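Got a structure for you, questions after.
The model shown is predicted, which means the values in this text are computed figures rather than measured ones. Order of appearance sets the numbers: ligands from 1, and atoms from 1 within every ligand. Hydrogens, waters and symmetry mates play no part in the numbers below; they use all other heavy atoms, side chains included.
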Amino acid sequence: MASQQNPLDEEENSKRNWSLKDFEIGKPLGRGKFGRVYVAREIKNKYVVALKVIFKEQIEKYKIHHQLRREMEIQSNLHHPNILRLYGWFHDADRVFLILEYAHNGELYKELRKKGYLSEKQAATYILSLTKALAYCHEKTVIHRDIKPENLLLDHQGRLKIADFGWSVQSSSKRRTMCGTLDYLAPEMVENKAHDYAVDNWTLGILCYEFLYGVPPFEAESQIDTFRRIRNVDLSFPSTPSISSDAKNLISRLLVKDSSRRLSLEKIIEHPWIIKNANPMGICL
Ligand code: AMP
């Protein structure tokens, strides 16, 4: 299937000096730590985008200027159907604006919370999409390190898009150590050891479990207990919902303490559970 024609990807637009006058601003889509996100229409091409507004005051306050700039450059160079596009950015006296691909169906997390848990077909489709996006990133020597459901959005066809590509790493890692969740972190990260690409493979195991059971596998009352469960890989599969042994096999082969023994991204794509259940087009309505 040909990808959707996107006028903002054209050479002349990617180098354009954008300003707020180029957009009609629509309804707010949500708010994050650093600002707000609105749906917007680029006036010349009538192309719908999401405009993320970040207040310079916040950038100063959290000292994320260099990080933001570097990571925006990374994200704008990633072109993959399962990675949210960053088409460009501009700023005025008080704000920085990011022109982002619009994900019409919003956060995957909301869908998961609404349904409780996903079907094996839907879960496998998302895991395949994520695996392909991560393989593309790893090829470009980019490690995401911060994949979690709130960073996953869905487009109008239900296709998964990794959002906040890395540029929120600094803020989220801070949040994690102070009051956030450890649930998605690999043992080598919670133990503060050196880590590599295999942290993303671990996270795929966590997400696969959470898609199928509705809760992450090492959830606990306190952070100390979650920490202990991750370190011991204290993994168990509840009897409900009833999940296929193929799915459990994939999860068990990703949630492996020794990072060099985790299933590779290539092997995930060939895994029988993925072959049997995933829609290779990534569409999930
Ligand atoms: P963030 O500041 O990235 O955490 O975004 C805040 C909220 O805005 C998210 O939780 C989403 O619900 C929504 N949002 C952010 N980016 C997009 C986008 N590209 N398309 C649609 N909704 C978005």
**Message:** Taking a cutoff of less than 4.0 Å between a non-hydrogen atom of the residue and any ligand atom, is K161 in contact with ligand 1?
**Reply:** no

**Prompt:** Is the NZ or CZ atom of R113 both under 6.0 Å from the centre of the six-membered ring of Y109 and within 45° of that ring's axis?
**Reply:** yes

**Request:** Compare L153, V53, V48 and give the one whose heavy atom is closest to atom 23 (C) of ligand 1.
**Result:** L153

**Request:** Check each atom of ligand 1 against the heavy atoms of L84 and keep those under 4.0 Å away; list them by number with element.
**Result:** 19 (N)

**Fill in**
Note: E101, heavy atoms under 4.0 Å from ligand 1, region reported as backbone

**Item:** E57, CD atom: more than 12 neighbouring heavy atoms under 6.0 Å
**Value:** no

**Request:** Using distance alone, decide if ligand 1 has a nitrogen or oxygen within less than 3.5 Å of any nitrogen or oxygen in Y102.
**Result:** no

**Message:** Would A103 count as a polar contact of ligand 1, with the cut-off being nitrogen or oxygen pairs under 3.5 Å?
**Reply:** yes

**Q58 side-chain N/O to F34 backbone N/O, donor-acceptor pair under 3.5 Å** = no

**Request:** Report, in ascending order of atom number, the atoms of ligand 1 lying under 4.0 Å from any heavy atom of G30.
**Result:** 6 (C), 7 (C), 8 (O)

**Request:** Of the side chain and backbone of E150, name the one, both, or neither that has a heavy atom under 4.0 Å from an atom of ligand 1.
**Result:** neither

**Prompt:** Can an N or O of E107 be found at a distance shorter than 3.5 Å from an N or O of ligand 1?
**Reply:** yes

**Asked** Are there more than 12 heavy atoms of other residues, nucleotides or ligands under 6.0 Å from atom CG of N17?
**Response** no

**Side-chain donor/acceptor of N105 to backbone N/O of D155, under 3.5 Å** = yes

**Message:** Regarding R262 and E188, does a basic nitrogen lie under 4.0 Å from an acidic carboxylate oxygen?
**Reply:** yes

**Asked** Does V39 approach ligand 1 within less than 4.0 angstrom via side chain, backbone, both or neither, non-hydrogen atoms only?
**Response** neither

**Prompt:** What class does the angle between the rings of F211 and Y126 fall in, given that below 30° is parallel, 30 to 60° is tilted and above 60° is perpendicular?
**Reply:** perpendicular

**Prompt:** Salt bridge between R16 and D22, side-chain N to carboxylate O under 4.0 Å?
**Reply:** yes

**Request:** Mark up the atoms of ligand 1 that fall under 4.0 Å of a heavy atom belonging to A50, in ascending order.
**Result:** 18 (C), 19 (N), 20 (N)

